[in-house]
Each structure stands twice: as C-alpha cells, then as structure tokens.
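Step one of this worksheet: look at the structure below.
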Amino acid sequence: MEYNQYNAPNTSYIEKRSQSMAIASLALAIAGMVLGCCVYPAIIFGSLAIILALLSRGGEMKTNSYAKAGLILGIIAIVFGILFLVYSLVVVCIEFGGFEGYMNYIEDLMEEIGYPASDSYNWYQNMNL
C-alpha cells in the first residue's frame, strides 16, 4: 500500500464513495428488515439498498462485504414486505369478506367508541345557513 506525504494511505475518491455507498446500502437494508411489518418502508428501503449496493461497485466487477450484505438483506426486506402485504390482503378477504366488509367493520368500531358517523364529517352540510 502506498502512502502520501502525510503518512496516510492513498485512497481515491471513488474508493471512498464506494465504501460509503456500501455502508448506506447495509444501513437501508437493516432499516428495511426492521420495518418489514410496514409494507411500504420495507419495499422502499430494500429497493434503495439494492440500488446502492450495485452502485457501490463503481466500474469494477467486485463488491465488498458491506455491499454484499446490503444486497442480500435488501432482497430479503423486499420479499418480507411483499409477503406481509399478501398476508394482510388474505386476512382481509377471509375475515371480513373483502375490503368493503373491512370498512364496514371499521365504521362499526368507530360508532361504538363514539366517533361521529361518516355522513356527519361534512361540517358545511350541518350548518344552518
């Protein structure tokens, strides 16, 4: 390894940028895994992790360990987010008979705890002019 006049290793800007992208990829992939039960953040963070892991290669055809881990965890986060989305849609269809049944259930719960009915949300219709 070569050293410059300040006794620091010679690293190019591209190598530093690639390392930063690899670390960012790993961080986004971990965030996607943690937020896997929230469908959209898992898919978004996983996608960004994959993109940054692939961009961290630069012009070279090798990836470092952070980028590989970010790539793998990003794929897992996307798969986990999609599986959770499919699971939630299946549960809504089985338990409530579809989305309309689910919305009726939510309205019933809201009326039970004292929220106003959905037709009274339009305050301008209830005004006496």
Side-chain angles (χ1 to χ4, degrees):
M1 178 177 289
E2 295 180 28
Y3 290 91
N4 61 12
Q5 64 185 359
Y6 302 111
N7 203 18
N10 285 334
T11 56
S12 69
Y13 169 73
I14 294 173
E15 290 173 6
K16 291 178 185 177
R17 186 187 65 173
S18 294
Q19 184 70 16
S20 299
M21 282 188 184
I23 292 172
S25 168
L26 182 60
L28 285 171
I30 291 171
M33 292 291 294
V34 170
L35 297 172
C37 62
C38 305
V39 174
Y40 300 115
I43 294 172
I44 292 170
F45 289 159
S47 301
L48 289 174
I50 291 171
I51 291 169
L52 287 177
L54 295 175
L55 286 176
S56 71
R57 293 180 1 183
E60 303 170 8
M61 295 308 275
K62 63 177 184 169
T63 55
N64 63 8
S65 59
Y66 290 129
K68 287 178 186 176
L71 183 67
I72 292 168
L73 289 177
I75 292 170
I76 292 172
I78 290 174
V79 168
F80 191 58
I82 290 172
L83 286 176
F84 195 79
L85 176 67
V86 169
Y87 171 75
S88 62
L89 291 175
V90 167
V91 166
V92 165
C93 287
I94 290 174
E95 290 289 323
F96 303 105
F99 189 70
E100 187 173 332
Y102 176 71
M103 293 307 292
N104 290 334
Y105 175 75
I106 295 296
E107 279 188 20
D108 292 342
L109 281 179
M110 289 176 66
E111 289 174 4
E112 185 178 306
I113 61 173
Y115 275 70
S118 61
D119 58 347
S120 66
Y121 289 138
N122 299 330
W123 59 272
Y124 58 89
Q125 290 178 349
N126 296 333
M127 292 176 51
N128 295 326
L129 295 176

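Values below: every heavy atom of this structure, side chains too, minus hydrogens, waters and symmetry copies. Bear in mind the structure is a predicted one, so any value in this text is a computation, not a measurement.
Between the CD1 atom of Ile76 and the CE atom of Met33 there is a distance of 5.5 Å, given to the nearest 0.5 Å. Rounding to the nearest 0.5 Å places CG of Leu71 at 10.0 Å from NZ of Lys68. A distance of 12.0 Å separates CZ in Phe45 from CG in Leu52, rounded to the nearest 0.5 Å. For the atom pair Leu55 CG and Ile50 CD1, the distance stands at 12.0 Å (nearest 0.5 Å). With rounding to the nearest 0.5 angstrom, the OG atom of Ser47 is 3.5 Å from the CD1 atom of Ile78.
Shortest non-hydrogen contact noted between Ala53 and Ala67 is CB-O, 3.4 Å. For the residue pair Ser25 and Gly70, the shortest heavy atom distance occurs at OG-CA, 3.5 Å. Among all heavy-atom pairs drawn from Gly74 and Ala29, the shortest one is N-CB, 3.6 Å. The shortest non-hydrogen separation linking Met21 to Ser56 is CB-CB, 3.7 Å. Of all the heavy atoms in Tyr66 and Ile23, the pair that sits closest is CD1-CG1, 4.0 Å. Nearest heavy atoms, Ala42 versus Leu35: CB-O, 3.7 Å.
No path of Ile, Leu, Val, Met, Phe, Trp and Tyr side chains, each step under 4.5 Å between heavy atoms, connects Ile75 with Phe80, placing them in separate hydrophobic clusters. The same ILVMFWY cluster, assembled from side-chain heavy atoms under 4.5 Å apart, contains both Tyr105 and Met103.
Listed by chain and residue number, Phe96 satisfy the ring pair (Phe, Tyr, Trp, His ring centres under 6.0 Å) test with Tyr102 (two or more places apart in sequence, or in another chain).
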